[in-house]
Amino acid sequence: MTYQFSCNRTYLRYDLCTIDGSTVLDPTTSTFFTMDPTSPFHVEKIRPYPRKYEDYIMGQIKELNLVSGPSSPQCTIRHESPAIVFSAGGYTGNLFHAFNDGLIPLFITASSFYPDGDFIIVVSEFHDWWQSKYAEILKVLSKHPIVAFEKDNATHCFPSATLGLIAHGFMTIDPTLIPTSKTLMHFRDLLEKAYTQSPILPSPPLDPKPERRPRLVLTCRGNDVSSRRILNQDEVIQVMKEIGFDVIVFQPNRYTSLSEAYAMLNSSHVMVGVHGAALTHALFLRPRSVFMQVVPIGTEWAADVFYGRIAKGLNVNYLEYKIRVEESSLMEKYGKDNVLLKDPSAVQKKGWPTEIMDIYLKQQNVKLDLVRFRKSLKSAYLMAKKFMHKER
């Protein structure tokens, strides 16, 4: 049998359902209806969140229904544009996941199906804070008001719909998989459009004098976070200043304005930080600026595929400072000869179970070797000065 909708479940990261004709959404039952008098009653279900391979979080995503039958509810609100439907639940409260599992896949999906930008964002598991946090990006992606399941009792008609988001991998966009050949640089252009239309904070003026110092943003974890902090941060900042940087300490939290963060990083020359979700702000760096990631023990793979890919995709000069065992607080707890510190890759051969991940991510702080770290900072300084020279 053929129906007005079809679902592709062959992808590793996501399922994708498409409705190729008129459909009615009843948000109170999380159901999209299509009417086909010639076909028998048919139902499909989808959890529209692109972490299909992760059973734990997918079990928490609301399931949506697609129903084909001889009748459907009457329209209360009729839309002229198609819908892209996805969940804003899951890990969306984390900045990395908000971009990796939400905004970047939304950009990919829109670029693949609706390159003219004429589509309506339809959100399941909607939160007011989510819309407020990412309002500027959402407005640039779609000119239409968002339709939210949890905020609406009316039935909505759409000429067609796509349920689910396409994801190409961690923090990446593969132009060969998009008809319009979009890249991460195009996504960065969208961010620029979103945050330069009416920024909350204007970018600090750039001093035209050649002797000006490069501006370095040190991204720090807050006092309410007990892991992956720089224990000798004051000494590190002093070294940065001695080398020749103007240092801005950036300590973001869930309430941090992305407009302010964009204005600060878009006018800076270097960003430095320990591996963690806050490094997602590297998306705001300008091409040819400098990004240095401090990589704690056991996070090498994640550091590369999460944030190294941002640097590569945005043509940013990328440096990794991989700490040694002596720079990790784990040495005091486990001893320097423990396999957890000597050979993390051996521990992670069979994957990254929660009990192992928590050791590296939730128990570890760093105390940087100032002599070693100074050498890396000097490399970053030379790159930043070269970048500044091109600015003039």
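On a predicted model such as this, the values are computed, not experimentally measured, just so you know.
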Checklist entry - What pair of heavy atoms forms the shortest contact from S142 to F119, and how long is it? => result OG-O, 2.5 Å

Checklist entry - Stepwise, does the ring pair (Phe, Tyr, Trp, His ring centres under 6.0 Å) test hold for F96 with F306? => result CA-CA 9 Å; F96 168 79; F306 293 177; 4.6 Å; yes

Checklist entry - Is Q74 atom CD crowded by more than 12 heavy atoms from other residues, nucleotides or ligands, each under 6.0 Å away? => result no

Next on the checklist: Counting only heavy atoms not in R324 (residues, nucleotides, ligands), do more than 12 fall under 6.0 Å from its CZ?
Outcome noted: no

Checklist entry - Any cation-pi pair here, R13 with F170, using under 6.0 Å and within 45°? => result yes

Checklist entry - Between W130 and F126, how do the two ring planes meet: parallel, tilted or perpendicular, split at 30° and 60°? => result perpendicular

Checklist entry - Should the ring pair F99 and F187 be called parallel, tilted or perpendicular, given that the plane angle runs from 0 to 90° and is split at 30 and 60? => result perpendicular

Next on the checklist: Parallel, tilted or perpendicular: which one describes the rings of H127 and W129, with boundaries at 30° and 60°?
Outcome noted: parallel

Checklist entry - Taking all non-hydrogen atoms of both residues, which atom of D174 and which atom of H168 are closest, and how far apart? => result N-ND1, 2.9 Å

Checklist entry - Taking the inter-plane angle between the rings of H42 and F5 on a 0 to 90° scale, is it parallel (under 30°), tilted (30 to 60°) or perpendicular (over 60°)? => result parallel

Next on the checklist: Consider side-chain contact (heavy atoms from CB on, under 4.5 Å). Of L319, L279, V270, V217, which one does F291 pass it with?
Outcome noted: L279

Next on the checklist: Between K367 and E332, is the salt bridge (Lys or Arg N to Asp or Glu O under 4.0 Å) condition met? List the steps.
Outcome noted: CA-CA 12 Å; K367 186 174 182 180; E332 297 176 10; over 6 Å; no

Item to check | NZ (K52) with more than 12 external heavy atoms under 6.0 Å | outcome: yes

Checklist entry - Should the heavy atoms of other residues, nucleotides or ligands under 6.0 Å from CG of N153 be counted, would the total exceed 12? => result no

